[in-house]
Amino acid sequence: MRSTLLAPVFSVRAFAELMLHLKLQTSLQAAVRAVLPDADVANVLVRPCPDARHGDYQSNALIAVAKQGKLNPRQLAEQVQARLDVTEICDAVEISGPGFLNFRVRPAALAGVLQAAARGEHLFFAKAAQPRTVVIDFSSPNVAKPMHVGHIRSTGIGDSLQRVFRLLGHRVITDNHIGDWGTQFGKLLLGWKQILDRDALAADAIAELERLYKVINAECDATPARLEEAKQELVKLQAGDAENIAVWQEMIRVSQAQFDTIYGRLGVKFDHALGESFYNPQLGAVVNDLLARGIARESEGAVGVFSDGSLPPKSDPFLVNRDGEWSADPALVRKSDGGFNYMTTDLATVDYRLRTWSPDEIVYVVDDRQAPHFRKLFLTFARWQPEAAAKVKLVHVGFGKILGEDGKPFKTRSGDTVKLGDLLDEAEARALKVVTEKNPDLPGAERNEIARIVGLGSVKYADLLPNRQSDYQFSWDKMLALQGNTAPYLLYAHTRVRSILRKGAELSAVSGQQPAVSLNAPDEIAVAKQLLNFGLVLEAVAEEYRPNFLCNYLYDLAGRFARFYESCPVLKAEGAERATRLLLCELTGRVLRQGLEVLGIETTDQM
RNA sequence: GCACCCGUAGCUCAAUUGGCUAGAGCGUCUGACUACGGAUCAGAAGGUUCCAGGUUCAACUCCUGGCGGGUGCACCA
């Protein structure tokens, strides 16, 4: 039942009708060419007005064009305006300020787009004309460790981005680069063999593995002999010892089961989960190739990639300044003991992904602290495989920390990291309390389901809302509030839409056919205009890797809908007015649902 | 020490190629309730966008220099 609503089929004609700003842009570019045949119109763009008082769409490009041709921008604007024919969409085009063109869309033009949407031809966005293949690498939990609050951001942002790219028609490959290899397994193996509690493992495998690690790690810190034992276990694992391999695989298996539980709750899926160990067989060859090509060299027994001097020292990630002297800060690809580093794994991973999927783009959703690592990785890869690197865009989508309400890194009261499972439990419990307060008459099962959607949605939304590069404060009260830019507010707006539509029984007669659409009230028009910008926002999210653009858009839409709801009775209206208002409800509901869905948030008809 | 990120209303946060009068929520103050579910809506007050220069017709946005906070700086990932 959802697919019919969420997967509209597009026709080419609907696409052209849908993007009013593109039609305006085409007309504007033609008018500029008529005035200035030699002008470069590639940057003559029409965008939504940041301030509705000036109009619906604007172009500020004429100012730049005038400057280039040493013309008076105001005069140029007037000449262009005289050649501009957009009567189909706008009543008049205004010139303001130094040479802005402001477009005000006629309600009839809006109505046409709404009608096409009513016929199911689009939902205010269009599939990409040139689909790209995009690999998205996110979440990346570690084996034998619990997923914690730190994984929310990568998982939520990454999942939202992959949903947006898919919705826009791109070919997306998601890959969970699980931490399933590394020195910690020496200690874990030692613990498994000597102090494993089978009952505890059965009850809570991750907790038991975590205990093993902590105990052995403390022992290793205290006694060098113990550390040596752990190292021997690691060496045996790396050498392919059958017993150690079997134990290691068992640790991965039980960890994966825990990951799957969390991902199941979050509704997150991956196309692949090729962990670090997957690349083990290739690491030696990567290093040898880097050595053979003179990109890496030996230093102090290790092998590293050093600066090639192509960048100024200040912006060269392979250099570090110590006491006024620039010295080497190489990317190590082999340790002095012969082991490999995660740089090596990451290089092999890029190589594998390019060979396997030929992506146009690889996106890493990883916290900002690793920015220097990714700069080194991307630069090293470009030196290693210049031809391949030229064809792919490698992007590090970084994000800031989650802070507690005291402004310090988010921890439990006892100072431990917050486990993701516990966090989700608490979100649902808190949401249930609110739902029970507001709606005590609902059956318990329904309240639980609503609480699940609201609780998980609140956590996800609170995480996606802030500009991802900055840190944000985690606040239960704020994310669960019914007022303000929150998931509950948006979900509530959706339930109000659904409530009206349940009562507007003849809606089925409205959608599917050609409803009479007549936009008159300012609050009707305000909703309609916002609906039209859905596609632009989705494209901006994909362009900047920033789901918060979509959050802000949806909040704006919900606000406009609330005003419309307040001032424009739907069910008491008649004729074309009623049909128009029902349609606005229907389309607002669909956009809210689709928008929340690509944020990874489910919707509900009741709260 | 060096590099990167951040600094916007009392608090938490926005601001779509640099665009016209910098926006929300909370908190404070004032209105609208037997409601198409008020879990709402309308309005008021609240700003030298850390500071100082610079570029530009136009700067929260770009550049330079400070100040304040965070993070990272060879064999962890």
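Within every chain, numbering begins at 1; the chains are lettered A, B, ... in the order of the sequence lines, protein sequences first and strands thereafter. What's counted below: heavy atoms across the whole structure, side chains too, no hydrogens, waters or symmetry copies.
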> Could you walk me through whether A:Phe381 and A:Phe378 pass ring-ring contact (aromatic ring centres under 6.0 Å, His included), step by step?
CA-CA 5 Å; A:Phe381 186 77; A:Phe378 299 165; 9.1 Å; no
> Does B:G53 have a Watson-Crick or wobble mate here (both distances under 3.5 Å), and if so which one?
B:C63
> Looking at B:U21, B:A15, B:U40, which one has an atom nearest to any side-chain atom of A:Arg546?
B:A15
> Is the distance from OP1 or OP2 of B:A24 to the nearest side-chain N or O of A:Tyr489 less than 4.0 Å?
no
> Going by purine N1 to pyrimidine N3 plus the second Watson-Crick contact, or the G-U wobble pair, all under 3.5 Å, which nucleotide sits opposite B:A14?
none
> So does A:Arg563 get a side-chain nitrogen or oxygen closer than 4.0 Å to the phosphate oxygens (OP1/OP2) of B:A42?
yes
> If you look at every strand shown and take non-hydrogen atoms under 4.0 Å, does A:Pro569 touch a base, only sugar-phosphate, or nothing?
base
> Taking donor-acceptor contacts at under 3.5 Å, does the side chain of A:Tyr342 reach the base of B:A77?
yes
> Quantified in whole Å, what is the C1' atom distance between nucleotide B:U56 and nucleotide B:U61?
13 Å
> Are B:U40 and A:Tyr565 stacked, with the base six-membered ring and the side-chain ring centres under 5.5 Å apart and planes under 30°?
no
> Taking atom C1' in both B:A9 and B:G25, what distance in whole Å separates the two?
12 Å
> What contact category does A:Thr486 fall into here, base, sugar-phosphate, or nothing, at under 4.0 angstrom with non-hydrogen atoms?
nothing
> Are A:Phe306 and A:Phe318 an aromatic pair by the rule of ring centers under 6.0 Å?
no
> It should be established whether A:Arg74 places a side-chain nitrogen or oxygen under 4.0 Å from OP1 or OP2 of nucleotide B:C20.
no
> Quick check: any donor-acceptor pair below 3.5 Å linking the side-chain of A:Ser299 to the base of B:A74?
yes
> Establish, with yes or no, whether the OP1 or OP2 oxygen of B:G23 is under 4.0 angstrom from a side-chain nitrogen or oxygen of A:Arg53.
yes
> Quick one: label A:Asn341 by what it contacts on the DNA or RNA (base, sugar-phosphate, nothing), any heavy atom closer than 4.0 Å.
sugar-phosphate
> Suppose we call a contact any N or O donor and acceptor under 3.5 Å apart; does that hold for the side chain of A:Ser96 and the base of B:C20?
yes
> Is the distance from OP1 or OP2 of B:U12 to the nearest side-chain N or O of A:Ser475 less than 4.0 Å?
no
> Pick base, sugar-phosphate or nothing for A:Tyr472, based on heavy-atom distances below 4.0 Å to the nucleic acid.
sugar-phosphate
> Using a 4.0 Å heavy-atom cut-off, does A:Asp556 contact any base of the nucleic acid, only the sugar-phosphate backbone, or nothing at all?
nothing
> Could you work out the separation of B:A14 and B:A77 based on their C1' atoms and round it to a whole Å?
34 Å
> If B:A9 has a Watson-Crick or G-U wobble mate with both distances under 3.5 Å, name it; if not, just say none.
none
> Backbone N or O of A:Leu45 within a donor-acceptor pair of the A:Gln25 side chain at under 3.5 Å?
no
> So for A:Glu300 and B:A74, does any side-chain atom that can act as donor or acceptor lie under 3.5 Å from a complementary atom in the base?
yes
> Return the nucleotide paired to B:G1: Watson-Crick means purine N1 to pyrimidine N3 with N6-O4 or O6-N4, wobble means G-U with N1-O2 and O6-N3, both under 3.5 Å.
B:C73
> Compute the centroid of each ring, for A:Phe561 and then for A:Phe564, and state whether the two points are separated by less than 6.0 Å.
yes
> Mind checking the P distance from B:U21 to B:C4? Whole angstroms is fine.
33 Å
> Using a 4.0 Å heavy-atom cut-off across all strands, classify A:Ser140 as base, sugar-phosphate, or nothing.
nothing
> Please check if any side-chain donor atom of A:Asp477 sits under 3.5 Å from a side-chain acceptor atom of A:Ser475, or the reverse.
no
> Would you tabulate the nitrogen or oxygen pairs shorter than 3.5 Å linking the protein to nucleotides 2-11 of chain B?
{"residue": "B:C6", "atom": "OP1", "partner": "A:Gln469", "partner atom": "NE2", "Å": "2.7"}

> Indicate, with a heavy-atom threshold strictly under 4.0 Å, whether A:Gln184 touches base, sugar-phosphate, or nothing.
nothing
> May I ask you to say what A:Asp316 touches in the nucleic acid, namely base, sugar-phosphate or nothing, with a heavy-atom cut-off under 4.0 Å?
nothing
> Within the pair A:Asn467 and B:A15, is there a side-chain N or O less than 4.0 Å away from OP1 or OP2?
yes
> Hey, does A:Ala562 reach any base, or is it just sugar-phosphate, or nothing, if we go heavy atoms under 4.0 Å?
sugar-phosphate
> When only distance counts, do a donor and an acceptor, one from the side chain of A:Asn102 and one from the base of B:C20, lie under 3.5 Å apart?
yes
> Please classify the nucleic acid contact of A:Glu539 as base, sugar-phosphate, or nothing, using heavy-atom distances under 4.0 Å.
nothing
> Is there a donor in the side chain of A:Tyr461 and an acceptor in the side chain of A:Asn485, or the other way round, less than 3.5 Å apart?
yes
> What integer number of Å spans the P atoms of B:A59 and B:G69?
30 Å
> Should A:Asn552 be listed as having a side-chain N or O under 4.0 Å from OP1 or OP2 of B:C13?
no
> Which nucleotide, in any strand shown, forms a Watson-Crick or G-U wobble pair with B:U40, with both distances under 3.5 Å?
B:A32
> Within the structure, does a side-chain N or O atom of A:Arg369 lie under 4.0 Å from either OP1 or OP2 of B:C73?
no
> Choosing from B:G37, B:C20, B:C36, which nucleotide comes nearest the side chain of A:Phe100?
B:C20
> Should A:Phe549 be counted as stacked on B:U16, where stacking needs a ring-centre gap under 5.5 Å and an angle between planes under 30 degrees?
no
